[in-house]
Amino acid sequence: METTEETLQPNENELPSVLLGPDHQLGLGSCSSHFDCEHPHHPPVQENVIQKLDDDDDKSSRGRLLDGKNVLIVEDVELLRRLATNNLLKLGANVDSCDNGKDAFDRVSKVLGDQMIGEGRHSGALPYDFILMDCEMPVMNGCEATELIRTEEKRYGIHIPIIALTAHKEASNTISAGMDFHLTKPLQIDELLDVLLKIETEDNH
């Protein structure tokens, strides 16, 4: 799967960890500069929500843990979306991204349709190995998009792992919408990898 035009190419000199804060805040490690981004649905982006890995050994131990995985990132703040894309690319993933739930549903539906192998049969392949879904977005929020995706999946007999990203510890609405896991912002890559390990373990049973 090809990455979208928003995909960043990995750069070993860039920070390898992205944190998406409860207010969509962004900080660049120990750098003194920061970005301020206004968005109609979110407070300004500020500092102290990108966490640099402690050392090169930790970074190298991660390697390309997501090598060959196809991932969809659904995030309405462009800067955060691009940073998350770059971060997952460094772990070897193929990344697609969009900025609202409707686009996410449309992309999933299109790939599912493209995977038909004739006579109304589906290949059984997942369009994405997992989806990172922000919950609060314009046009269509993450819970609404997940409900539509779950309905569409029933036509093909598949289930895509969807990981909710929220600013709240309460996850009842994400679970009821059909999301599989819930991570509280700021998102830490180690926590994401733990969730992906759980997904892989469940798939093997």
Side-chain angles (χ1 to χ4, degrees), residues 17-26 37-46 49-51 69-85 87-88 93 95-112 126-203 205:
S17 181
V18 174
L19 299 181
L20 307 182
D23 295 321
H24 281 141
Q25 296 180 330
L26 169 68
C37 297
E38 297 295 337
H39 188 280
H41 296 272
H42 305 286
V45 175
Q46 299 174 352
V49 291
I50 287 184
Q51 177 178 308
K69 297 291 186 181
N70 297 317
V71 183
L72 176 62
I73 298 174
V74 190
E75 165 62 59
D76 59 321
V77 177
E78 181 179 4
L79 178 60
L80 300 178
R81 186 171 65 251
R82 291 171 63 85
L83 285 168
T85 296
N87 202 42
L88 292 181
V95 183
D96 195 4
S97 66
C98 57
D99 61 6
N100 66 77
K102 183 180 184 304
D103 282 350
F105 170 70
D106 289 344
R107 293 187 188 209
V108 169
S109 298
K110 181 181 185 305
V111 177
L112 286 173
L126 295 181
Y128 298 100
D129 291 285
F130 65 91
I131 298 174
L132 288 175
M133 183 79 76
D134 187 18
C135 288
E136 298 180 6
M137 296 178 290
V139 184
M140 179 183 291
N141 66 44
C143 290
E144 293 171 326
T146 298
E147 290 173 350
L148 290 177
I149 290 172
R150 293 303 181 219
T151 299
E152 187 74 3
E153 287 175 334
K154 293 177 182 178
R155 299 175 52 198
Y156 302 93
I158 64 164
H159 182 92
I160 308 167
I162 299 179
I163 303 169
L165 301 176
T166 76
H168 315 287
K169 292 184 179 180
E170 175 56 48
S172 59
N173 62 327
T174 64
I175 299 302
S176 62
M179 296 180 179
D180 299 282
F181 294 92
H182 165 262
L183 293 177
T184 304
K185 298 178 182 181
L187 172 67
Q188 299 188 48
I189 294 301
D190 285 339
E191 293 180 354
L192 173 60
L193 294 176
D194 286 343
V195 166
L196 297 181
L197 180 60
K198 292 178 182 177
I199 291 174
E200 183 176 349
T201 300
E202 290 180 359
D203 288 345
H205 283 79

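Hydrogens, waters and symmetry mates play no part in the numbers below; they use all other heavy atoms, side chains included.
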key: salt bridge (Lys or Arg N to Asp or Glu O under 4.0 Å) between Lys198 and Asp194, worked out   = CA-CA 6 Å; Lys198 292 178 182 177; Asp194 286 343; over 6 Å; no
Closest heavy-atom pair and its distance - [X], [Y]:
X: Arg81; Y: Cys98; result: CD-O, 3.4 Å
X: Pro127; Y: Ile158; result: CD-CD1, 3.7 Å
X: Leu88; Y: Ile73; result: CD1-CD1, 3.7 Å
X: Ile160; Y: Glu153; result: N-OE2, 2.7 Å
X: Val71; Y: Tyr128; result: C-CD2, 3.7 Å
X: Ala104; Y: Met133; result: CB-CE, 4.4 Å

Do [X] and [Y] touch side chain to side chain, with heavy atoms closer than 4.5 Å?
X: Leu196; Y: Lys69; answer: no
X: Cys135; Y: Asn141; answer: no
X: Asp180; Y: His159; answer: yes
X: Ile199; Y: Phe181; answer: yes
X: Val74; Y: Asp134; answer: no
X: Glu75; Y: Met137; answer: no
X: Val111; Y: Arg107; answer: no

message = Walk me through whether Leu148 and Met140 qualify under side-chain contact (heavy atoms from CB on, under 4.5 Å).
response = CA-CA 11 Å; Leu148 290 177; Met140 179 183 291; 3.6 Å; yes
message = Is it the case that the side chain of Asp129 and the backbone of Asn70 share a donor-acceptor pair, with hydrogens and angles ignored and the cut-off at 3.5 Å?
response = yes
inquiry  = Check whether Glu152 reaches the backbone of Phe105 with its side chain - one donor and one acceptor, N or O, closer than 3.5 Å.
reply    = no
How long is the span from the [atom1] atom in [X] to the [atom2] atom in [Y], to the nearest 0.5 Å?
X: Leu132; Y: Ser97; atom1: CG; atom2: OG; answer: 11.0 Å
X: Ser176; Y: Glu147; atom1: OG; atom2: CD; answer: 7.0 Å
X: His182; Y: Ile175; atom1: NE2; atom2: CD1; answer: 8.0 Å
X: Ile149; Y: Asp106; atom1: CD1; atom2: CG; answer: 9.5 Å
X: Asn87; Y: Leu83; atom1: CG; atom2: CG; answer: 8.5 Å

ask   = Looking at Val195, Leu126, Ile131, which one forms a side-chain contact (heavy atoms from CB on, under 4.5 Å) with Pro161?
value = Leu126
